[in-house]
Amino acid sequence: MEDRTDPDERVEAQRARARAGGTPERKAELTSRGKGLARDRLAALLDPGFVIEDWLLARHDTPGLPADGVATVVGKIAGRDVCVMANDMSVKAGTWGVKTVEKIQRIQQVALDYRIPIVYLVDSGGARIDEQYGMFLDRRHSGRIFWNMARMNGVVPQVCVNFGPSPAGAAYLPAFCDFVAMIEGQTSVYLGSPRQAEAATGEKVDHEEMGGARMHCTVSGLGDMLVSSETEALDAVRSFLSYLPQSWEGTPPDAAPRPAAGREPISEIVPDDQRKPFDMRLVIEAIVDEGSFFEIKREFAAEILTGLARIEGMPLGVVANQSAVRGGILTQNSAEKAAQFISTCTAYALPLVFLMDVPGFMIGSTYERAAIIRRGQKMLQAVAEAVQPRICVIVRKGYGAGYMAMSGATFQPDCTIALPQAKLGLMGPEAAIQAIYGRKIEELDPDERAGFVASKRDEYERDIGVWGPAAEMFVDDIVPGHELRSQLARRLALYRSSPARPKVLIERRSHVMRG
């Protein structure tokens, strides 16, 4: 029988069915568990209006597979173009089929061709086993998604929100991204499920222990931000992208300047006593624009702080030793955390400010066996490759290899400036006194030891004070705490004005991508 339906009405009906996703019952079941629907997440993430969606009608002729369980769109965030892939959990549990894989690769190609960021909204039960031979083995199959991500690394920003499961191969989606938000109590990312682990190894573990959001944000470091809701996760994506250019060829966008939020003077935040801990976040608040510090991996390797911020509206990355946690010492985890962050800032030409209060790298057999040398080298390598504007601030101390890793003068920053209480040396007072006087201390009467060590400590601390290095021009300036923010603002504005630097950045980043 001839179909007399108006063509325009037929198109709209087909589109509506595809956008509707799964059955009403399935969608109600998801929302009853506090989960959002794919199209609602897109609406919450993107600006109203402009959206391009290719292959919306994929498998429209196959019952139960509207859009093949994935939306791939181009929209805008804060007026700037962005590509988005969103799994639809209401359609076959968001699993991947043949057309799903093709759609994901297509939106990746759009991001690469037009040099715009891509956001992955992941909520998937994994691959469909009944379609495996159409999506796993060939050059065009699912593995190419990750090949694409590897090639896109450092070219366009890649961002991931794990709303629910991301098992097996899909677990690598967050691993390739520049920023990953995970939702407490909802996210689960693992190569093998608890059931598979028990069958293969006998281990009994639940989903949260195996790959929950808190585990990945505190133990494995896969997650960059632990959030409590989907709304918070999507807000974090918008915030993160606001600091970055559209691609490695762009310029990080400025914002309207704001005053710093810090209420306490830096001179009162940072104690002279090297052994007394303080909260470096208070120093950050005193120098960056109010509300601009966007911390990354807050719960992981907390002895170092990493995050995006602004000073007088200019975007930058901050790497800071957190004295309040382990004295700010560098471990294998904090070195890798910093290395990853520094490399992201380098890829997208974000200036870096290092706030140094570092006693060095952690020592001991436990840390040597955890490959602290090999993993610490990653941080040194990342700093050496950072050719964007780079400022080192010696807040209180810089000892040993930690001085190099925190971009001390030997690692060629644009400048090295210090606060008046800063101290610099090959090692801290305790280690130095033991190295020089260890045998003598053992020979002393126990009643004399404490006084001898204290006097030698005071003597050593006077020797490593910053005034000597300043006289030798080993530091560029000693800056009082109240002047630090204005100094940083003036220097950042100057350093990024260099006509030669964009060429150096392009050459360096081109080399990194080719490598």
Y190: what forms a ring pair (Phe, Tyr, Trp, His ring centres under 6.0 Å) with it, not counting sequence neighbours?
H207

Could you pull out all donor-acceptor pairs under 3.5 Å where a side-chain atom in residues 156-166 meets a protein atom, sequence neighbours excluded?
{"unit_1": "Q158", "atom_1": "OE1", "unit_2": "Y120", "atom_2": "OH", "d": "3.0"}
{"unit_1": "Q158", "atom_1": "NE2", "unit_2": "M149", "atom_2": "O", "d": "3.1"}
{"unit_1": "S166", "atom_1": "OG", "unit_2": "A170", "atom_2": "O", "d": "2.8"}

Against K27, only a single residue in D40, D88, L37 fulfils side-chain contact (heavy atoms from CB on, under 4.5 Å); can you say which?
L37

We want to know whether Q322 and D279 form a side-chain donor-acceptor pair, criterion being a heavy-atom distance below 3.5 angstrom.
yes

Hydrogens and angles aside, do E336 and Q332 bring a side-chain donor and acceptor to less than 3.5 Å of each other?
no

Under a 3.5 Å threshold, yes or no: a donor from one side chain and an acceptor from the other, between S407 and R390?
yes

Return the minimal non-hydrogen interatomic distance between I311 and A489, and the atom names on each side.
CG2-CB, 3.8 Å

When you measure from the side chain of K297 to the backbone of M225, do you find a donor-acceptor pair of N or O atoms at a distance under 3.5 Å?
no

Contact between F176 and N153 at the side-chain level, heavy atoms closer than 4.5 Å - yes or no?
no

Distance-only donor-acceptor check, side chains T331 and E303, under 3.5 Å:
yes

Using the six-membered ring wherever Trp is involved, compare the ring planes of F146 and W96 and label them parallel, tilted or perpendicular (cut-offs 30° and 60°).
parallel

Please confirm whether the backbone N or O of E29 pairs with a side-chain atom of S32, one donor and one acceptor, at under 3.5 Å?
yes

Checking side chain to side chain donor-acceptor pair (under 3.5 Å) between D68 and each of R59, K99, K92, which is the one that passes?
R59

Could you grab the distance from atom CD1 of I269 to atom OG of S323, nearest 0.5 Å is fine?
12.0 Å

Can you tell me how far OG of S188 sits from CE of M210, rounded to the nearest 0.5 angstrom?
10.5 Å

Could you tell me whether R281 and E285 make a salt bridge, using a distance below 4.0 angstrom between a side-chain N and a carboxylate O?
no

R496 side chain to L494 backbone, donor-acceptor under 3.5 Å:
no

Pair F293, I287 - check side-chain contact (heavy atoms from CB on, under 4.5 Å), show working.
CA-CA 10 Å; F293 185 51; I287 62 174; over 6 Å; no

So I116 and Q246, do their side chains get closer than 4.5 Å, heavy atoms only?
yes

Can a salt bridge be assigned to the pair R80 and D47 using a cut-off of 4.0 Å between side-chain N and carboxylate O?
no

Should I304 and L330 count as side-chain neighbours, where that means a heavy-atom distance under 4.5 Å?
yes

Gap between atom CG of L316 and atom OG of S292 - 0.5 Å precision
7.5 Å

Sequence neighbours left out, what passes ring pair (Phe, Tyr, Trp, His ring centres under 6.0 Å) with F240? Give chain and number order.
F179

Steps toward side-chain contact (heavy atoms from CB on, under 4.5 Å) verdict (M314, L350):
CA-CA 9 Å; M314 294 178 287; L350 278 161; over 6 Å; no

Candidate pair Q105 and N148, rule side-chain contact (heavy atoms from CB on, under 4.5 Å), full reasoning
CA-CA 8 Å; Q105 292 183 32; N148 286 343; 4.0 Å; yes

Can you tell me how far apart CG (L484) and OG (S486) are? Round to the nearest 0.5 Å.
8.0 Å

Modelled atom types, side-chain donor and acceptor of R491 and Q487, under 3.5 Å
yes

Tightest non-hydrogen contact, residues R238 and A44, listed as NH1-O, 4.4 Å

Does anything in residues 304-321 form a side-chain hydrogen bond (donor to acceptor under 3.5 Å, both in side chains)? List the pairs, not counting sequence neighbours.
E312-R485

Just wondering, are more than 12 heavy atoms of other shown residues or ligands nearer than 6.0 Å to CZ in F50?
yes

Decide side-chain contact (heavy atoms from CB on, under 4.5 Å) for V119 and V82; before the verdict, give the C-alpha distance in whole Å, the side-chain angles of both, and the deciding distance to 0.1 Å.
CA-CA 7 Å; V119 179; V82 62; 3.8 Å; yes

Which residue, K103, R15, R39, R106, forms the salt bridge (Lys or Arg N to Asp or Glu O under 4.0 Å) with E53?
R39

Contacts of R214 that satisfy salt bridge (Lys or Arg N to Asp or Glu O under 4.0 Å) - sequence neighbours left out
E184

Using 0.5 Å steps for rounding, measure from the CZ atom of R17 to the NE2 atom of H60.
9.5 Å

Can you see which heavy atom on N87 is nearest to which on V122, and at what distance?
OD1-CA, 3.3 Å

Pairwise side-chain contact, L355 with V319, heavy-atom cut-off 4.5 Å (strictly under)
no

Between T23 (side chain) and R26 (backbone), is there a donor-acceptor pair under 3.5 Å?
yes

Can you see which heavy atom on S242 is nearest to which on P253, and at what distance?
O-CG, 3.3 Å

Do I296 and F341 touch side chain to side chain, with heavy atoms closer than 4.5 Å?
yes

Heavy-atom distance under 4.5 Å between the side chains of V189 and P174, does that happen here?
yes

Working to the nearest 0.5 Å, report the span between CE of M85 and OG1 of T100.
10.0 Å

Tell me the closest heavy-atom pair linking P66 and V91, and the distance in Å.
CG-CG2, 3.7 Å

Listed by chain and number, what are the side chain to side chain contact (heavy atoms under 4.5 Å, CB included) partners of Q186, not counting sequence neighbours?
K35, I183, E230

Find out whether L46 and K76 are in side-chain contact, i.e. whether some heavy atom of one side chain is under 4.5 Å from a heavy atom of the other.
no

In terms of heavy-atom contacts, C217 and M182 come closest through SG-CB, 4.3 Å

